[in-house]
Protein chains: 2
Amino acid sequence: MQAVSIAEVAKRAGVSTATVSRALSGRGTVSPARKQAVLDAAAALGYVVASNASSLASGRTRNVGVVIPFLDRWYFGQVLEGAQLTLLEAGYDVTLYNLAGGTRARAQVFEQFLLRQRVDAVLAVALELTPHEIARLHQVGKPLVCIGGVIPGVPSLGIDDLAVSELATDHLTGLGHTTIGFIGGKPEVDSDFQLPVQRFDGYRRSLQRAGIEFDPALALYGDFTLDGGYTAAKQLLGAPGRHRPTAISAASDEMAIGAILAARDLGLSVPGDVSVAGVDDYVHSEFFGLTTVAQFPYRQGVEAARVIIDQLDHDRQSPSAISLPHELVVRSSTARPRPHSSPDKTSPGG
Amino acid sequence: MQAVSIAEVAKRAGVSTATVSRALSGRGTVSPARKQAVLDAAAALGYVVASNASSLASGRTRNVGVVIPFLDRWYFGQVLEGAQLTLLEAGYDVTLYNLAGGTRARAQVFEQFLLRQRVDAVLAVALELTPHEIARLHQVGKPLVCIGGVIPGVPSLGIDDLAVSELATDHLTGLGHTTIGFIGGKPEVDSDFQLPVQRFDGYRRSLQRAGIEFDPALALYGDFTLDGGYTAAKQLLGAPGRHRPTAISAASDEMAIGAILAARDLGLSVPGDVSVAGVDDYVHSEFFGLTTVAQFPYRQGVEAARVIIDQLDHDRQSPSAISLPHELVVRSSTARPRPHSSPDKTSPGG
DNA sequence: CTGAAAGCGCTAACAA
DNA sequence: TTGTTAGCGCTTTCAG
């Protein structure tokens with residue numbers, strides 16, 4: 001099937017191609033009668049504008065590039081889905097630049113793909129970039145928004161990772177726990193990725209505010225995985241007597257779920273013997289009855305897309321930093337520490 | 001920063017724009033010396049071809065559209081990542097068309113976005129399409145490949161869902177189980193999505209070959225979720241006495257993991273009292289020691305991308321159906337049924 | 001092997 | 001409000 005051109009629509013509607021363009025794009029003025037004629041003709045012929053010709057002539061592509069470090073993790077899938085759907089709604093395609101392919105692929109993205117003038121804007125998701133990569137991004141010469149990470153001089157949206165972690169721990173201290181373990185992520189040496197550090201600092205600040213002394217022996221790395229959380233929790237909960245924490249604050253829900261499973265395997269009840277709290281509100285968190293501080297990655301994606309659309313369609317600048325909401329969701333994995341060690345019911349699903 | 005045009009490169013290299021184009025694209029012939037001069041000039045100026053101008057002139061976009069029903073599920077993320085990275089490697093961008101946005105968004109994708117002539121080919125992932133949507137896809141007039149689903153007349157890659165499920169159940173019968181429950185997905189009424197049906201049929205065929213009579217009371221729906229699997233397994237395992245299955249074959253790993261957790265909550269040991277097998281090799285399956293029939297969605301994405309690249313870059317047609325591999329992965333959630341009901345060790349991680 | 005030149009299909013001045 | 005027209009930046013005949 002051969003694609004229909006604007007000239008055919010023009011002919012059928014009895015107008016010039018310029019009028020067709022105006023009627024279809026909404027730019028410029030067209031009399032209602034002619035506009036309708038154009039719309040009818042276009043519909044009858046099944047005309048859809050050829051994006052590359054349109055881009056070439058107008059300088060607009062109606063396409064947004066999303067640069068993302070992985071696709072196969074819950075958070076990123078959520079953000080991408082929210083952004084993509086919102087952009088689609090506004091008439092924008094989304095072209096995906098996934099950096100998971102290693103350094104070669106990564107270099108290609110920054111040296112070639114993004115510079116092809118295929119996008120009107122780029123959304124950078126949770127990216128840790130080199131100064132050179134940032135320079136390339138600016139070289140694209142298009143609006144740039146980042147989410148879940150900070151690039152100097154670029155509007156960014158994100159949750160307050162310190163506050164989030166602090167809130168999770170506050171919930172635990174508020175219940176009366178005083179021996180609280182922490183399972184965090186190892187800060188990467190070669191990266192300035194702040195998330196693990198901030199969540200750790202949040203935990204410590206909460207302790208401090210509650211007047212609890214920080215004990216380095218209670219802070220372990222869990223790698224942000226189920227398995228990592230499980231292993232770290234076994235370590236923490238295997239400690240004898242009063243060294244064993246009565247609560248664990250994990251920097252992510254996956255690790256927190258690992259901790260719940262570790263507790264069960266040790267014969268400890270949650271929240272009877274240990275309370276566990278996480279951060280994220282992961283897909284499976286509700287199932288495990290996990291108390292967590294929810295962030296809303298899908299909505300984060302939507303927000304980021306809106307910032308971009310505002311800028312592109314309405315030439316509206318956004319503030320350089322937008323703070324995204326979080327929310328404590330209390331479920332059944334946390335409770336007051338019990339005075340004596342008597343058996344207790346386990347959480348639903350456990 | 002203003003983008004560099006082909007004319008500037010031509011001027012700097014002392015050749016015509018035609019020669020620059022030939023040197024950079026590899027189409028046509030250029031003397032080695034001039035080619036080098038062009039390459040140097042392009043590198044010095046940081047020239048990258050403007051994709052829309054190139055597309056308009058050549059009819060090629062170096063972009064592939066991927067149409068996918070969700071992003072936030074493990075399987076789809078994996079397929080997408082595999083396809084995207086492979087395509088990137090070959091110099092193709094990937095534009096994402098996610099159908100999760102509801103009917104309006106869905107209609108927009110098929111009526112507008114895909115027809116914008118922005119893609120050289122489209123990859124349809126696990127799609128259930130209406131005849132009208134299929135017609136639209138053909139109207140795009142570009143190569144079309146589908147994966148994890150079948151569109152009449154379109155090259156498709158996929159695993160044999162019946163064989164996969166049959167193998168999982170065969171593993172159980174092979175161990176000596178004769179009372180085997182099944183947790184499947186509800187076949188959608190308004191869709192011809194074959195997966196749930198095929199996996200159910202695989203289970204039944206395995207039973208039949210083992211000479212075990214199919215008992216409808218042992219086949220439940222689990223919705224392909226952790227929670228669904230948990231609920232269904234509680235149902236199955238709550239049955240008194242000899243009606244209680246000694247093994248469960250689940251149509252997906254998420255449901256199988258739900259079943260393992262249900263067994264634990266009932267105080268049943270896995271695999272001591274119940275064996276559980278799944279299908280997928282989900283991210284968390286190894287952690288739970290789940291025996292499963294693995295499919296390899298990342299590699300599936302890679303394969304699909306290769307088919308497309310072969311067609312686009314080498315004009316090579318692929319066979320209309322490519323069968324993708326699967327593999328039984330035996331871990332610790334399955335064992336022989338035990339003759340008497342004595343306590344047994346549980347699986348690692350459990 | 002190379003250059004000149006004619007578009008690719010559309011948009012945006014500009015003129016009417 | 002509308003049509004005419006000159007490109008947008010590149011690729012690809014076609015001559016040479």
Side-chain angles (χ1 to χ4, degrees), chain A residues 2-39 41-42 45-63 91 112 115-120 140-142, chain B residues 1-39 41-42 45-63 91 112 115-120 141-142:
Chain A
Q2 184 55 39
V4 181
S5 82
I6 196 173
E8 298 170 58
V9 178
K11 193 159 137 205
R12 177 163 181 137
V15 298
S16 72
T17 61
T19 298
V20 173
S21 176
R22 284 189 281 250
L24 260 27
S25 71
R27 302 171 175 271
T29 48
V30 182
S31 72
R34 301 210 155 184
K35 179 160 185 177
Q36 193 54 54
V38 170
L39 259 27
L45 296 169
Y47 172 76
V48 175
V49 63
S51 64
N52 44 41
S54 173
S55 308
L56 185 56
S58 70
R60 276 170 273 109
T61 65
R62 299 216 70 87
N63 187 31
Q112 299 281 327
L115 300 174
R116 285 184 184 176
Q117 301 169 68
R118 180 164 276 165
V119 299
D120 287 341
V140 175
K142 303 288 178 182
Chain B
M1 232 178 275
Q2 184 53 38
V4 181
S5 81
I6 197 173
E8 297 169 59
V9 178
K11 190 159 138 206
R12 179 165 180 136
V15 298
S16 70
T17 59
T19 298
V20 173
S21 175
R22 285 189 280 250
L24 260 25
S25 71
R27 304 171 174 270
T29 48
V30 182
S31 73
R34 301 208 153 183
K35 179 160 184 175
Q36 193 53 54
V38 169
L39 259 28
L45 296 170
Y47 172 75
V48 174
V49 64
S51 63
N52 45 40
S54 172
S55 308
L56 184 57
S58 69
R60 276 170 271 107
T61 65
R62 298 216 71 89
N63 188 29
Q112 299 281 326
L115 300 174
R116 285 184 186 175
Q117 300 170 67
R118 181 165 274 168
V119 300
D120 288 341
K142 304 289 179 180

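Just the heavy atoms: all of them, side chains too, but no hydrogens, waters or symmetry mates, feed the values below. Letters go in sequence order (proteins before strands), and every chain restarts at 1. Model, not experiment: these values are computed from the prediction.
Remark: P of C/dC10 and CG of B/Leu56 are 9 Å apart, rounded to the nearest angstrom. Put simply, NZ on A/Lys35 is 11 Å from P on D/dT2, counting in whole angstrom units. Straight-line distance from the NZ atom of B/Lys11 to the P atom of C/dG3: 16 Å, rounded to whole Å. Summarising the geometry, the separation between CZ on B/Arg60 and C1' on C/dC8 is reported as 12 Å, rounded to the nearest angstrom. We find that CD1 of A/Ile6 is positioned 13 Å from C1' of D/dG3, with the value rounded to whole Å. Straight-line distance from the CG atom of B/Asn52 to the P atom of C/dC8: 17 Å, rounded to whole Å. As a whole-Å value, the separation of B/Gln36 CD from C/dC1 P is 16 Å. In this entry the distance linking CZ of B/Arg62 with P of D/dT11 reads 11 Å, nearest Å.
Position along DNA chain D of the nearest nucleotide to B/Tyr47 versus B/Arg22 favours B/Tyr47 as the more 5'-ward residue. With the nearest nucleotide of DNA chain C identified for both B/Thr17 and A/Gly59, B/Thr17 has the one nearer the 5' end.
Between A/Asn52 and A/Thr61 there is no side-chain heavy-atom pair separated by less than 4.5 Å. Side-chain contact between A/Asn63 and A/Asp120 is absent, with no heavy-atom pair separated by less than 4.5 Å. Side-chain contact between B/Lys35 and B/Pro32: absent, with no pair of heavy atoms (C-beta onward) separated by less than 4.5 Å.
Contact check, B/Ser54 against D/dG9: no side-chain N or O comes under 4.0 Å of OP1 or OP2. Note on A/Thr29: a side-chain N or O is less than 4.0 Å away from OP1 or OP2 of D/dT1. Residue B/Ser16 has a polar side-chain atom (N or O) positioned under 4.0 Å from OP1 or OP2 of C/dG3. At D/dG3, one or more side-chain N or O atoms of A/Arg34 fall inside 4.0 Å of OP1 or OP2 (strictly under the cut-off). When the side-chain nitrogen and oxygen atoms of A/Ser25 are compared with OP1 and OP2 of C/dT11, none of them lie within a distance under 4.0 Å. Contact between the side-chain N/O atoms of B/Ser5 and the OP1/OP2 oxygens of D/dG9 is not found at any separation under 4.0 Å. Contact between the side-chain N/O atoms of B/Ser21 and the OP1/OP2 oxygens of D/dT11 is found at a separation under 4.0 Å.
Comparing C/dT2, D/dT12, D/dG9 by their closest approach to the side chain of B/Val30 singles out C/dT2.
A/Val20 comes within 4.0 angstrom of nothing in the nucleic acid, heavy atoms only. Across all strands shown, A/Ala18 has heavy atoms under 4.0 Å from base atoms, whether or not it also approaches the sugar-phosphate.
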Query raised in the report: Yes or no on side-chain contact (heavy atoms from CB on, under 4.5 Å) for B/Thr19 and B/Arg22, after CA distance, side-chain angles and deciding distance?
Result: CA-CA 5 Å; B/Thr19 298; B/Arg22 285 189 280 250; 3.9 Å; yes

Report task. List the steps and the verdict of side-chain contact (heavy atoms from CB on, under 4.5 Å) for A/Val20 and A/Val15. Result -> CA-CA 7 Å; A/Val20 173; A/Val15 298; 3.7 Å; yes

